[in-house]
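This report concerns only the one structure given below.
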Amino acid sequence: AQKITQTQPGMFVQEKEAVTLDCTYDTSDPSYGLFWYKQPSSGEMIFLIYQGSYDQQNATEGRYSLNFQKARKSANLVISASQLGDSAMYFCAMSPENTGNQFYFGTGTSLTVIP
Amino acid sequence: DTAVSQTPKYLVTQMGNDKSIKCEQNLGHDTMYWYKQDSKKFLKIMFSYNNKELIINETVPNRFSPKSPDKAHLNLHINSLELGDSAVYFCASSQVPSKPGANVLTFGAGSRLTVL
């Protein structure tokens, strides 16, 4: 069974501080991709970062980095130097290679950046 | 030059009506999807088409019928709308991944359907 778990329904962070959003996953597929998407209050889904299961290094995209711990099956998103515009819902997702482009999403974490 | 565009953005209708949501992508992607996001923000795949061929059809009532006239378009038609169909429907597209699992989804802006 494929499953994504985000255990933090809501998080608060002070502006300019770093924050970690947790994500664990479960799959028996040896090859998969892990993703984070941001959904601001305006509703659109914005791709943030991708990590391949065979990638040796953790992915980084600007202020976003993905802390990938394969043995623990975790793919936490780290946002550095939080900005007010980072306030949004954040979704972790997984796409196992052998599921025909199927994506599995977590339930999301609502992040609020406090000035 | 919107990459994935879906119309309408808002749709308010009565129970029992039939409605359609259109989606077009100009990214040259091979695969298109429909996702449903419920009131608790949970995203669930409904359908996936690859080059006009249906490849994923989750447990969705047969009142929902996708139609893909070409690989750049994937429309969603809903018959006999029910209150529980109220949700945000997202169209998305992706390209054949360059490496395993790397099929990044590009989403449309969403269509908020409200059934009264």
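Proteins come first, then strands; the chains are lettered A, B, ... in the order of their sequence lines, and each starts at number 1.
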Is there a path of hydrophobic side-chain contacts, each under 4.5 Å between heavy atoms of I, L, V, M, F, W or Y residues, that connects B/Val4 with B/Met46?
no
For A/Phe91, is it the side chain, the backbone, both or neither that has a heavy atom under 4.5 Å from a heavy atom of chain B?
side chain
Check this for me: A/Lys16, atom NZ, are more than 12 non-hydrogen atoms of other residues, nucleotides or ligands nearer than 6.0 Å?
no
Do A/Ile46 and A/Tyr90 belong together in a cluster built from hydrophobic side chains that touch within less than 4.5 Å?
no
Quick check on the hydrophobic clustering: are A/Tyr64 and A/Val113 connected, directly or via other members, by side-chain heavy-atom contacts under 4.5 Å?
yes
Can you list the steps and then say if A/Thr107 with B/Lys41 is a side chain to side chain contact (heavy atoms under 4.5 Å, CB included)?
CA-CA 7 Å; A/Thr107 50; B/Lys41 300 288 190 179; over 6 Å; no
Are there over 12 heavy-atom neighbours, none belonging to B/Lys22, within less than 6.0 Å of that residue's NZ?
no
Is there a path from B/Trp34 to B/Val60 through hydrophobic residues (I, L, V, M, F, W, Y) whose side chains come within less than 4.5 Å of each other?
yes
Taking the six-membered ring for Trp and the single ring otherwise, decide whether the centroids of A/Tyr37 and B/Phe107 are under 6.0 Å apart.
yes
Hey, quick one: are B/Leu83 and B/Leu81 part of the same hydrophobic cluster, counting side-chain heavy atoms closer than 4.5 Å, chains of contacts allowed?
yes
Aromatic contact between B/Tyr35 and A/Phe103, with the criterion being ring centroids under 6.0 Å apart: yes or no?
no
Just wondering, do A/Gln102 and B/Tyr33 contact through their side chains at under 4.5 Å, heavy atoms?
no
If I measure from the heavy atoms of chain B, does A/Gln51 come under 4.5 Å with its side chain, its backbone, both, or neither?
neither
Does any non-hydrogen side-chain atom of B/Leu105 lie less than 4.5 Å from one of A/Phe105?
yes
Need one label for A/Met45: side chain, backbone, both or neither, based on atoms under 4.5 Å from any heavy atom in chain B.
both
Does any part of the side chain of B/Val104, heavy atoms only, come nearer than 4.5 Å to the side chain of A/Phe35, both counted from C-beta?
yes
Measuring from atom CG of B/Leu43 to atom CD of A/Gln39, what distance do you get when rounded to the nearest 0.5 angstrom?
6.5 Å
Look at B/Lys44, B/Lys40, B/Gln37 and state which one has the largest set of heavy-atom pairs under 4.5 Å with chain A.
B/Gln37
